[in-house]
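Position 1 is the first residue of the sequence; numbering continues from there.
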Amino acid sequence: MGSPFSYRPYVRRGEIAARADVVLRRSLAPALIAVAIAGSLQCASLVKTIFNPPQVGVDRVEFRNVALTGTDLVVHIKIHNPNSVGATLNHIEYALDVDGDRLLNGKKEDKTEIKSNDTSIIALPVTINYTGLKSGIAGALSKKTLPYGFKGKVILDTPVGAMNFDINEAGEIPVPDRPRFDIEKIALAEFGVTSATLMIHIKVSNNHDFELDIRKFRYEFSLQDNLISAANINVDRSVAHDKSMSIALPVTLKVLGVKRSVIDMIKSGKIKYAMKFDLDIQTRFGPMTIPYERDGLTSLY
């Protein structure tokens, strides 16, 4: 029989309920977590079933105009939506590198509807100016093609939220032939005690479908690596499509001002020459200067 004075702790009813609630939560927590994970997986599976990611890429690159100063092209971006519900193109971010130089970096806002079970082609016009290249127009025109890289991101608004798609395209830009510059012949016009005059016959050919207005040119003419003459010459002549222009350029050298080996070379009738030529022309694309260099061994006429 217990003593009437034995100790029995007093517990309030509220505390008993709180303790019971904690025990219940701890016992139910693993089950709730499992249910949440299963629900999340089911949602993800349901979303994937309802809306498959569209296929995005570059369909083709179309060159509209290839000129001496730059190129106009259109990048056609293809978006294929295999779903039974449509989406909306939000915008396109893009960057264009040409010959290793970043020439364009932009964003095109576009709210085009991408229909269900259909393929949409989005045209992105791009203009490239060769002056943006480190090598400039002269460097561009010295090549047959220029490598380019097109990188972009397409952002779509879909029933399951925004989706981003990266695109990447590489290729080559054709470069038009610049006007041809040829040294047809070098003739000995006069040889005296104090000076000698050479006639350099130059031909400039326009192989384009537009007229060229030739304003002036600058030249440097050397014999055996000795600079003989340099000058600016005004021309102001037009050369029609598929036509040419001939220039007879007199170059006079002072006998006493050059090395004996140069005089002996001229007397021999065979000369080693080098010529730098900067042609200033006006085209429908604007003014530009095109450099040329020629060297070789030729007989005097």
Side-chain angles (χ1 to χ4, degrees), residues 65-71 128-133 135-144 146 174-192 194-255 257-258 262 266 271-301:
N65 182 41
V66 179
L68 293 172
T69 55
T71 301
I128 300 169
N129 196 323
Y130 296 153
T131 56
L133 298 172
S135 59
I137 292 178
L141 293 179
S142 66
K143 303 176 181 180
K144 294 293 185 183
L146 293 172
V175 178
D177 290 335
R178 52 183 173 175
R180 284 189 58 86
F181 165 80
D182 296 300
I183 297 178
E184 294 185 298
K185 66 178 181 179
I186 301 176
L188 180 61
E190 180 184 346
F191 191 88
T194 59
S195 64
T197 301
L198 302 177
M199 295 296 296
I200 305 174
H201 294 265
I202 298 169
K203 183 179 180 180
V204 179
S205 303
N206 177 17
N207 47 6
H208 295 279
D209 59 354
F210 50 86
E211 188 176 81
L212 291 180
D213 292 325
I214 300 178
R215 301 300 177 84
K216 62 180 180 179
F217 62 85
R218 172 177 173 78
Y219 76 90
E220 293 181 2
F221 183 75
S222 300
L223 291 175
Q224 278 190 346
D225 300 325
N226 295 276
L227 181 62
I228 302 300
S229 179
N232 291 309
I233 307 295
N234 291 321
V235 179
D236 288 326
R237 288 174 61 181
S238 295
V239 182
H241 161 58
D242 254 351
K243 300 297 181 180
S244 60
M245 177 186 73
S246 295
I247 304 170
L249 179 66
V251 173
T252 300
L253 60 148
K254 301 296 182 182
V255 173
V258 297
V262 173
I266 293 175
I271 61 170
K272 179 185 177 184
Y273 73 93
M275 189 170 192
K276 293 182 179 180
F277 195 88
D278 292 330
L279 187 66
D280 290 349
I281 63 176
Q282 178 71 34
T283 75
R284 66 184 184 187
F285 312 108
M288 59 189 304
T289 300
I290 305 177
Y292 301 88
E293 288 189 21
R294 296 287 186 272
D295 62 74
L297 183 66
T298 186
S299 297
L300 288 175
Y301 289 82

Taking only residues two or more places apart in sequence or in another chain, which ones pass side chain to side chain donor-acceptor pair (under 3.5 Å) with [X]?
X	value
Tyr273	none
Ser238	Asp213
Asn226	none
Thr197	Thr252

Item checked: Audit row: Arg215, Asn234, side-chain contact (heavy atoms from CB on, under 4.5 Å) steps and yes/no -> CA-CA 6 Å; Arg215 301 300 177 84; Asn234 291 321; over 6 Å; no
Min side-chain heavy-atom separation [X]-[Y] under 4.5 Å:
X	Y	value
Asn65	Thr71	no
Ile233	Ile247	no
Val235	Met245	yes
Val204	Val239	no

Margin query: Could you go through Leu279 and Arg178, starting from their C-alpha distance and side-chain angles, then the distance that decides it, and tell me whether this counts as side-chain contact (heavy atoms from CB on, under 4.5 Å)?
Written below: CA-CA 11 Å; Leu279 187 66; Arg178 52 183 173 175; over 6 Å; no
How would you list, by chain and number, every residue that makes a salt bridge (charged side-chain N to carboxylate O under 4.0 Å, His left out) with [X], sequence neighbours excluded?
X	value
Glu220	Arg218
Arg180	Asp182
Lys272	none
Lys144	Asp177

Next item on the list: Provide the full list of side chain to side chain donor-acceptor pair (under 3.5 Å) pairs with a residue in residues 290-301, sequence neighbours left out, each pair given once.
Entry: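 Every pair satisfying side chain to side chain donor-acceptor pair (under 3.5 Å) with a residue in residues 290-301: Lys270-Ser299.
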For [X] against [Y], the heavy-atom pair lying closest together:
X	Y	answer
Phe191	Ala196	CD1-CB, 3.6 Å
Ile183	Ile200	CG2-CG2, 4.1 Å
Leu68	Ile137	O-CG2, 3.5 Å
Ala140	Leu146	CB-CD1, 4.0 Å
Ala240	Asn206	O-ND2, 3.1 Å
Pro176	Tyr130	CD-OH, 4.5 Å

Next item on the list: For Met275 and Leu249, run side-chain contact (heavy atoms from CB on, under 4.5 Å): C-alpha distance rounded to whole Å, both residues' side-chain angles, the deciding distance at 0.1 Å, then the answer.
Entry: CA-CA 12 Å; Met275 189 170 192; Leu249 179 66; 3.8 Å; yes
Next item on the list: Using ring-ring contact (aromatic ring centres under 6.0 Å, His included) as the criterion, list what pairs up with Phe277, not counting sequence neighbours.
Entry: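 Counting only residues at least two positions away or on another chain, Phe277 forms a ring-ring contact (aromatic ring centres under 6.0 Å, His included) with Phe181, Phe217.
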In Å, rounded to the nearest 0.5 Å, how long is the span from [atom1] of [X] to [atom2] of [Y]?
X	Y	atom1	atom2	value
Ser222	Ile271	OG	CD1	11.5 Å
Leu253	Thr194	CG	OG1	10.0 Å
Asp278	Lys216	CG	NZ	10.5 Å
Ile266	Leu300	CD1	CG	7.0 Å

Checklist line | Donor-acceptor side-chain pairing of Tyr219 and Ser229 below 3.5 angstrom | finding: yes
Checklist line | Test side chain to side chain contact (heavy atoms under 4.5 Å, CB included) applied to Asn129 - qualifying residues, sequence neighbours left out | finding: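 Asn129: side chain to side chain contact (heavy atoms under 4.5 Å, CB included) contacts with Thr131.
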Notebook entry, point to check: With sequence neighbours left out, what residues match Ala248 under side chain to side chain contact (heavy atoms under 4.5 Å, CB included)?
Noted result: Met199, His201
Next item on the list: For a side chain to side chain contact (heavy atoms under 4.5 Å, CB included) with Ile186, tell me which candidate from Leu198, Ile202, Leu223 qualifies.
Entry: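 Result: among Leu198, Ile202, Leu223, Leu198 is the only option passing the side chain to side chain contact (heavy atoms under 4.5 Å, CB included) with Ile186.
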